[in-house]
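Counting starts at 1 for both ligands and their atoms, following the listed order. Index from 1, following the sequence.
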Amino acid sequence: MSPSDPYESLGVRRRINAAGALTRLGGAVMAPEVMAAMAAASRASVDIGELQDAASNRIAEATGAEAGLVTTGAAAALTLAAAASIARWDVAKMAALPHADAFPRDILIPRTHRTGYAHALAASGARLVDIGHNDRGTGAGVRGLEAWEIETALTPSVVAVTFSVNATSIVDLPTVIAVCRASGVPLIVDAAAQLPPKENLRRFIAMGADLVAFSGGKALGGPQASGILAGRRDLVASALLQQLDMDVAPETWTPPKLIDRTNLRGVPHHGIGRGFKAGKEEIVGLLTALDRFMKADDVADNAALETRLKAIAGTLAGIDVALIPAQRTGRVPVLEIAVPDALAMSARLQRNDPPVHLSERHAARGVLTLDPQVLLPEHDAPLAAAIRAALRGATVKP
Ligand SMILES: *Cc1c(COP(=O)(O)O)cnc(C)c1O
């Protein structure tokens with residue numbers, strides 16, 4: 001295999017990605033600085049618990065949370081958050097998961113928040129209990145989640161409430177936080193793709209969420225298989241304990257500082273998170289990417305993306321395109337391209353050589369979205385050519 005071009009050696013095609021940092025397309029494109037840090041990290045032995053302690057301090061600074069943990073992605077962070085909410089410091093419960101029917105394990109989930117990622121919460125052994133209505137989602141009505149709907153469902157078997165935050169759902173977040181605070185039930189927020197803006201690193205914690213999950217391999221620009229769980233110290237500690245390699249002798253085990261051993265009646269075995277261990281390379285890569293992300297100039301970066309999008313739009317004469325600025329998307333500027341049959345057009349673009357991907361998020365309303373988040377600048381021109389050709393029903397070879 002050629003180290004300089006592994007994809008070529010494997011016969012795997014490179015793609016033009018204007019669909020965003022999608023996991024199925026490999027997530028973010030990493031900066032050389034992040035790769036260099038990962039390579040340096042790989043050439044040493046370190047105590048992973050000690051490294052996660054250091055990561056916790058960095059994540060705490062970045063998010064304003066008490067503590068943080070590097071995970072193998074936001075989905076893994078959700079499973080660990082659920083496992084922490086169920087088991088807390090109880091080693092017997094840690095040992096039992098995912099079989100949790102003998103103790104409290106319910107997680108309340110608003111019906112408007114039933115995403116495909118709810119499976120990650122349920123994988124811990126939690127039972128998801130649907131609450132509220134989906135009036136806004138279906139267009140049937142105007143009402144969101146109401147406090148009494150959560151309060152009614154808060155039985156003794158409830159260990160957490162979950163919330164999938166985005167620019168639309170956030171209006172309901174203060175209500176949920178108020179109920180969770182009053183009842184002492186932890187709130188797990190899925191904010192996987194809510195970056196940028198970088199203010200969102202702190203926003204949900206500042207509002208009062210107990211645990212927040214972010215993807216490391218999307219906009220953060222970290223290793224694809226990385227993520228963050230930030231939040232309350234005791235819950236993050238339980239999550240870490242259930243992720244660490246626990247093939248340790250109790251007599252010689254030195255737990256990470258995050259874990260207060262006096263809370264434990266024994267030393268747990270490998271937990272539910274052992275299968276999603278974060279390696280030293282991912283931990284260091286994620287922290288390096290987090291550092292870069294926080295130092296980035298969002299305004300200048302978005303202005304540069306807008307300039308590129310305007311140049312692309314300029315070559316799409318006769319096509320119905322609209323530039324949506326970052327202020328309106330809440331993240332990066334995008335180009336919305338109205339086409340007669342969005343999914344057929346998307347399929348044509350994917351048959352292009354090289355394959356081209358636009359976001360199908362708004363295909364149902366006849367729009368393909370050109371999302372430049374991870375689009376390489378050298379792909380701008382071939383992308384525009386492929387769009388023009390696909391609209392003529394043809395495909396082009398470069
Ligand atoms: C991408 C995503 C996830 C999963 O994130 P990974 O880092 O890929 O595990 C979870 N929730 C939402 C809303 C997402 O967009």
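Within the structure, no pair that satisfies the ring pair (Phe, Tyr, Trp, His ring centres under 6.0 Å) test touches residues 305-362, not counting sequence neighbours. Residue pairs satisfying the side-chain hydrogen bond (donor to acceptor under 3.5 Å, both in side chains) criterion with at least one member in residues 211-225, sequence neighbours excluded, are absent.
Between D301 and K198 there is no salt bridge, since none of the side-chain N atoms of the basic residue sits less than 4.0 Å from a carboxylate O of the acidic one. D245 has no carboxylate O lying under 4.0 Å from a charged side-chain N of K277, or vice versa, which leaves the two without a salt bridge. A salt bridge is absent between D353 and R13; no separation between the charged side-chain nitrogens and carboxylate oxygens falls under 4.0 Å.
By the 4.5 Å side-chain criterion applied to Ile, Leu, Val, Met, Phe, Trp and Tyr, L22 is assigned to a cluster that also includes L25.
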Put together the list of close N/O pairs, under 3.5 Å, between ligand 1 and the protein, could you?
unit_1, atom_1, unit_2, atom_2, d
ligand 1, 5 (O), S215, OG, 3.0
ligand 1, 7 (O), A74, N, 2.8
ligand 1, 7 (O), S215, OG, 2.6
ligand 1, 8 (O), T23, OG1, 3.2
ligand 1, 9 (O), A74, N, 3.1
ligand 1, 9 (O), A75, N, 2.9
ligand 1, 11 (N), D190, OD1, 3.2
ligand 1, 11 (N), D190, OD2, 2.7
ligand 1, 15 (O), K218, NZ, 2.8

